[in-house]
Amino acid sequence: MTTLLALDTATEACSVALLHEGRVFSRYEVIPRLHAQRVLPMVQELLAEAGIALAAVEAIAFGRGPGAFTGVRIAVGVVQGLAFALDRPVLPISNLAVMAQRAHREQGATQVATAIDARMDELYWGCYRLEDGEMRLAGVEAVLPPEQVALPRGAEGEWFGAGTGWAFASRIPVPVQAMDAGLLPHAEDLLTLATFAWARGEAVVADQAQPVYLRDNVATPKKA
């Protein structure tokens with residue numbers, strides 16, 4: 001059976017998850033600015049709980065963004081370090097997709113409009129539909145002002161709003177049945193998506209573990 005490790009540090013949440021012999025182990029903490037200190041100890045905790053060595057891991061999945069610039073870089077750095085050391089492939093997974101998968105797991109949502117506060121009065125935006133247990137992108141991921149986001153062409157039925165970007169709900173011209181503006185990515189859901197990606201043969205070599213920011217001016221300082 002497949003043994004996969006997943007980690008995410010792209011938002012305020014830091015989480016890791018491990019699939020081993022059909023069992024899922026996970027850690028999740030909301031710890032802004034402490035991801036670099038906690039992520040590897042969390043990995044070690046899961047390996048100890050599962051009773052395996054890091055070498056047993058067959059591939060490493062990670063949240064490739066969009067998200068906080070520093071957070072996404074931490075994930076890429078950690079994953080590349082582990083993957084190069086172990087000579088294992090990696091599975092880059094969209095953080096927006098991870099949030100949609102979590103909304104399905106926790107809320108039963110089958111159509112999810114995900115939004116992350118991208119600062120600079122913009123949102124990271126993506127819409128997802130459930131297909132065979134997997135949240136799949138409908139349309140494209142983008143970074144846009146709240147007033148410019150939209151559901152995919154031909155969208156029907158009820159949609160659920162997920163993510164910190166929904167704090168701007170009054171400015172978002174998209175009708176949703178319900179929302180959770182506090183929902184953050186969780187490595188357990190990243191692991192679910194990674195399992196689908198692994199089965200499709202989408203793993204890549206470690207140096208292809210690259211971040212996706214959706215905007216070019218990622219290093220623009222935040223306003224105080």
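Just so it is clear, the values below take in all heavy atoms, side chains as well, and ignore hydrogens, waters and symmetry mates.
When all heavy atoms are compared, the tightest approach of Ala197 to Ile93 is CB-CD1, 4.2 Å.
Annotation: side chain of Pro66 is in contact with side chain of Leu96 (closest heavy-atom distance under 4.5 Å). The side-chain heavy atoms of Asp180 and Trp166, taken from C-beta on, include no pair separated by under 4.5 Å. Using a 4.5 Å heavy-atom cutoff, the side chains of Phe160 and Val176 are not in contact. For the pair Gln208 and Val90, the minimum side-chain heavy-atom distance is 4.5 Å or more. A 4.5 Å side-chain heavy-atom check between Leu82 and Arg88 finds every atom pair outside the cut-off. In this structure, Gln210 and Gln80 have side chains that are in contact, with non-hydrogen atoms separated by less than 4.5 Å. A 4.5 Å side-chain heavy-atom check between Val212 and Val72 finds every atom pair outside the cut-off. At a threshold of 4.5 Å between non-hydrogen side-chain atoms, the residues Pro173 and Val149 count as touching.
Between the side chain of Thr164 and the main chain of Asp117, a donor-acceptor pair closer than 3.5 Å is present. Judged purely by atom type and a 3.5 angstrom limit, Thr9 uses its side chain to pair as donor or acceptor with the backbone of Gly71. The closest donor-acceptor contact from the side chain of Thr114 to the backbone of Gly126 lies under 3.5 Å. The main-chain N or O of Asp189 is never found under 3.5 Å from a side-chain atom of Gln101 such that the two would form a donor-acceptor pair. Side-chain atoms of Arg215 come within 3.5 Å of backbone N or O of Ala118 as a donor-acceptor pair. Side-chain atoms of Trp125 come within 3.5 Å of backbone atoms of Ala150 as a donor-acceptor pair (strictly under, hydrogens ignored). At least one donor-acceptor pair closer than 3.5 Å links the side chain of Glu58 to the backbone N or O of Thr3.
Under a 4.0 Å N-O distance rule, the pair Glu49/Arg23 does not qualify as a salt bridge. Between Glu29 and Arg38 there is a salt bridge, with a side-chain nitrogen of the basic residue lying less than 4.0 Å from a carboxylate oxygen of the acidic one.
For Glu147, the side chain to side chain donor-acceptor pair (under 3.5 Å) partners at least two apart in sequence or on another chain are Arg171. Residues that satisfy the side chain to side chain contact (heavy atoms under 4.5 Å, CB included) test with Gln111, not counting sequence neighbours, are Arg129, Trp159.
Here the straight-line distance linking atom CG of Leu46 with atom CG of Leu7 works out to 10.0 Å at 0.5 Å rounding. Rounded to the nearest 0.5 angstrom, Ile52 CD1 and Leu18 CG are separated by 4.5 Å. One finds the CG atom of Leu144 at 7.5 Å from the CD atom of Glu122 (value rounded to the nearest 0.5 Å). Distance CE/Met99 to CG/Leu183: 6.0 Å, rounded to 0.5 Å.
A donor atom on one side chain and an acceptor atom on the other are not found under 3.5 Å apart for His186 and Ser15. A side-chain donor-acceptor contact under 3.5 Å links Ser94 and Glu141.
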Please test Leu5 against Val43 for side-chain contact (heavy atoms from CB on, under 4.5 Å), starting from the C-alpha separation and ending with a verdict.
-> CA-CA 8 Å; Leu5 176 66; Val43 169; 4.0 Å; yes
Could you please spell out the steps behind the side-chain contact (heavy atoms from CB on, under 4.5 Å) verdict for Val76 and Val79?
-> CA-CA 5 Å; Val76 170; Val79 167; over 6 Å; no
Can Val143 and Leu123 be said to form a side-chain contact (heavy atoms from CB on, under 4.5 Å), step by step?
-> CA-CA 5 Å; Val143 56; Leu123 306 177; over 6 Å; no
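Through side-chain heavy atoms spaced under 4.5 Å, either directly or across other Ile, Leu, Val, Met, Phe, Trp or Tyr residues, Val30 is tied to Tyr28, Leu184.
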